[in-house]
Amino acid sequence: MQYILVAILSPFFDALATMIESVLSNNTFKRQTTMIFYISLMDAMFVPLVFIFGMPTIPTTECLWMYCILGVFDIVYLYPYFTAMKVIDTSIVAALSSLGQVIVPIMSFFLLGEVLSLHQYIGFAIIIMASVALSIKGTRMPKLSRAFWYMVMASLAISCRIVLVKCVMTIDGNWVNTIVYPSLVSGVLPFSFLLFKKFRKDIRRNFPPYLEKFRVFALNELICFFVMLCSVYGLSALSPVVSSAIGSLQPIFLLTSCCFLTSFYNCVVKEKLTRRIIMKKMFCFVLIILGVILVV
């Protein structure tokens, strides 16, 4: 039960980070690569906080390669993720991140030998259908243009990462390593953008806005660290299937936070909050909660 409660904190913190990133992505930087560069500068800044819970160990060559792949995943998914944020509501972006969960049971079966029960398969199906329903406007089909397909790519990368984290935990045996080493890789990798002239010029041009909002970026990175800490610690005792299902709660926390911030603070988040839209989203969120209960 302890691990489930900690794992639930991950989508809560993730919702806070998503709101901050939505504001930054839509109001600060036009180019996604610039957003990725600046938001990744502090990836390793808060990592030493994990030393409170344990110390990293020297990984084997096999595990080291897997940690490098995890760091790449941490950067690769950001491009389609930030692109989708510019097109659709933030809570829908969060919900569509569940689309890639369809591969989690498959990868878990082949890589970890985990087999789901019938009610867990039903729960997964409910989560995915509710997530897709959030992107439907009226009676039309989902918006199968940029936003939908970008989130499919992002969610597939996120889902692959969850299973890979569990695999390397099984081999390495130290969950602290899965925070430390991928963070070091993801903190260095965005500097490769400086090799391209158009990216380098845009990064240099947006340095003053970055300095102006440095505290916001630092706060976001601290929250992202808590996201990783809670998700990795929870995953150390839970299966990737249960962990990814719990992560589906993120849009519920996000919409609740958006309503609160819109009502009491002048916070500009890309989110439509009309009564009809809120009712539709709440119905889909109830289905997501039902799916999570069936899976967990």
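These figures come from a predicted structure and were not determined experimentally.
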Notebook entry, point to check: For Cys230 and Val6, which heavy atoms make the closest approach, and how far apart are they?
Noted result: CB-O, 3.4 Å

Checklist line | Straight-line distance of Ile58 CD1 to Asp172 CG, nearest 0.5 Å | finding: 11.0 Å

Checklist line | Path from Tyr38 to Leu195 over hydrophobic side-chain contacts below 4.5 Å | finding: yes

Notebook entry, point to check: What are the two closest heavy atoms between Pro209 and Phe29, and how far apart are they?
Noted result: CB-CE2, 4.5 Å

Next item on the list: Could you check Ser239 against Val242 for side-chain contact (heavy atoms from CB on, under 4.5 Å), going step by step and ending with a plain yes or no?
Entry: CA-CA 5 Å; Ser239 71; Val242 173; 3.4 Å; yes

Check: Sub-3.5 Å donor-acceptor pair from the side chain of Asn174 to the main-chain atoms of Met55, do we have one?
Finding: yes

Check: Rounded to the nearest 0.5 Å, how far apart are CG of Leu194 and CZ of Arg200?
Finding: 7.5 Å

Margin query: Could you check whether any side-chain heavy atom of Phe191 comes within less than 4.5 Å of a side-chain heavy atom of Ile203, counting everything from C-beta outward?
Written below: no

Margin query: Let's go through Met35 and Lys30 carefully: what are the C-alpha distance in whole Å and the side-chain angles of both, what is the deciding distance for side-chain contact (heavy atoms from CB on, under 4.5 Å) to 0.1 Å, and is it a yes or a no?
Written below: CA-CA 8 Å; Met35 177 68 178; Lys30 293 182 179 180; over 6 Å; no

Check: Can you tell me how far CE of Met66 sits from CE of Met169, rounded to the nearest 0.5 angstrom?
Finding: 11.0 Å

Next item on the list: Give a yes or no answer on whether the side chain of Gln250 reaches the backbone of Pro11 with a donor-acceptor pair at less than 3.5 Å.
Entry: no

Next item on the list: To the nearest 0.5 angstrom, please state how far the CE atom of Met85 sits from the CG atom of Leu78.
Entry: 9.5 Å

Note to self: If hydrophobic clusters are built by linking Ile, Leu, Val, Met, Phe, Trp and Tyr wherever their side-chain heavy atoms come under 4.5 Å apart, do Leu189 and Trp65 end up in the same one?
What the structure shows: no

Note to self: Hydrophobic cluster membership, with links at side-chain heavy-atom distances under 4.5 Å among I/L/V/M/F/W/Y: are Leu222 and Val216 in one?
What the structure shows: yes

Margin query: Walk me through whether Phe253 and Ile8 qualify under side-chain contact (heavy atoms from CB on, under 4.5 Å).
Written below: CA-CA 10 Å; Phe253 291 126; Ile8 290 176; 4.1 Å; yes

Notebook entry, point to check: So which heavy atom on Ile246 is nearest to which on Ala7, and how close?
Noted result: CG2-O, 3.7 Å

Check: Can you tell me if Asp43 and Ser183 form a side-chain donor-acceptor pair at under 3.5 Å?
Finding: no

Notebook entry, point to check: Can you tell me if CG on Leu211 sees more than 12 non-hydrogen neighbours from other groups inside 6.0 Å?
Noted result: yes

Margin query: For Phe46 and Phe225, take the angle between the two ring planes, folded into 0 to 90°, and tell me which bin it lands in: parallel under 30, tilted 30 to 60, perpendicular over 60.
Written below: tilted

Check: Any idea how Tyr210 and Phe214 line up, ring-wise: parallel (<30°), tilted (30 to 60°), or perpendicular (>60°)?
Finding: perpendicular

Next item on the list: With side-chain contact (heavy atoms from CB on, under 4.5 Å) as the test, would you mind laying out the steps for Leu290 and Val286 before giving the verdict?
Entry: CA-CA 6 Å; Leu290 174 61; Val286 169; 5.7 Å; no

Notebook entry, point to check: Between the side chain of Lys166 and the main-chain N/O of Leu238, is any donor-acceptor distance below 3.5 Å?
Noted result: yes

Notebook entry, point to check: Do the side chains of Phe124 and Leu294 get nearer than 4.5 Å, heavy atoms only?
Noted result: no

Notebook entry, point to check: Under 3.5 Å, side chain of Thr83 to main-chain N/O of Tyr79, donor-acceptor pair present?
Noted result: yes

Item checked: Nearest-0.5 Å distance that lies between atom OG in Ser244 and atom CG in Leu235 -> 9.0 Å

Next item on the list: For residues Glu21 and Cys224, report the shortest heavy-atom separation together with the two atoms involved.
Entry: OE2-SG, 3.6 Å

Note to self: For the residue pair Thr34 / Asn206, report whether a side-chain donor-acceptor contact shorter than 3.5 Å exists.
What the structure shows: no

Notebook entry, point to check: Is there a donor-acceptor contact under 3.5 Å linking the side chains of Tyr181 and Ser186?
Noted result: no

Item checked: Non-hydrogen atoms of Val292 and Ala245 that approach each other most closely -> CG2-O, 3.1 Å

Notebook entry, point to check: Would you say the side chain of Leu164 lies within less than 4.5 Å of the side chain of Arg161, judging by non-hydrogen atoms?
Noted result: no

Next item on the list: Give me the ring orientation class for Phe193 and Phe199: parallel if the planes are under 30° apart, tilted from 30 to 60°, perpendicular past 60°.
Entry: perpendicular

Notebook entry, point to check: Can Val168 be reached from Val185 by stepping across I, L, V, M, F, W or Y side chains whose heavy atoms are under 4.5 Å apart?
Noted result: no

Next item on the list: Taking the side chain as every heavy atom from C-beta outward, state whether Ile39 and Phe217 have any pair of such atoms under 4.5 Å apart.
Entry: yes

Margin query: Are Thr33 and Phe37 packed together at the side-chain level, in the sense that at least one heavy-atom pair is separated by less than 4.5 angstrom?
Written below: no

Item checked: Short side-chain donor-acceptor distance under 3.5 Å, Asn177 and Thr57 -> yes

Checklist line | Flag, side chain of Ser159 to backbone of Leu156, donor-acceptor distance under 3.5 Å | finding: no

Notebook entry, point to check: Do you see a donor-acceptor pair shorter than 3.5 Å between the side chains of Gln2 and Tyr233?
Noted result: yes

Notebook entry, point to check: Between Val241 and Ser108, which heavy-atom pair has the shortest distance, and what is it?
Noted result: CG2-OG, 4.1 Å

Checklist line | Check: Gln32 and Tyr81 side chains under 4.5 Å, non-hydrogen atoms | finding: no

Item checked: Between CD1 on residue Ile103 and CD1 on residue Ile158, distance to nearest 0.5 Å -> 10.5 Å

Notebook entry, point to check: Just wondering, are more than 12 heavy atoms of other shown residues or ligands nearer than 6.0 Å to CZ in Phe283?
Noted result: no

Next item on the list: Compare all side-chain heavy atoms of Tyr150 with those of Phe82 and state whether any distance is below 4.5 angstrom.
Entry: no

Next item on the list: Measure the shortest side-chain to side-chain distance between Ile75 and Ser40 over non-hydrogen atoms and say whether it is less than 4.5 angstrom.
Entry: yes

Next item on the list: Answer with yes or no whether the hydrophobic clustering places Ile69 together with Val188; edges join I, L, V, M, F, W, Y residues whose side-chain heavy atoms lie under 4.5 Å apart.
Entry: no

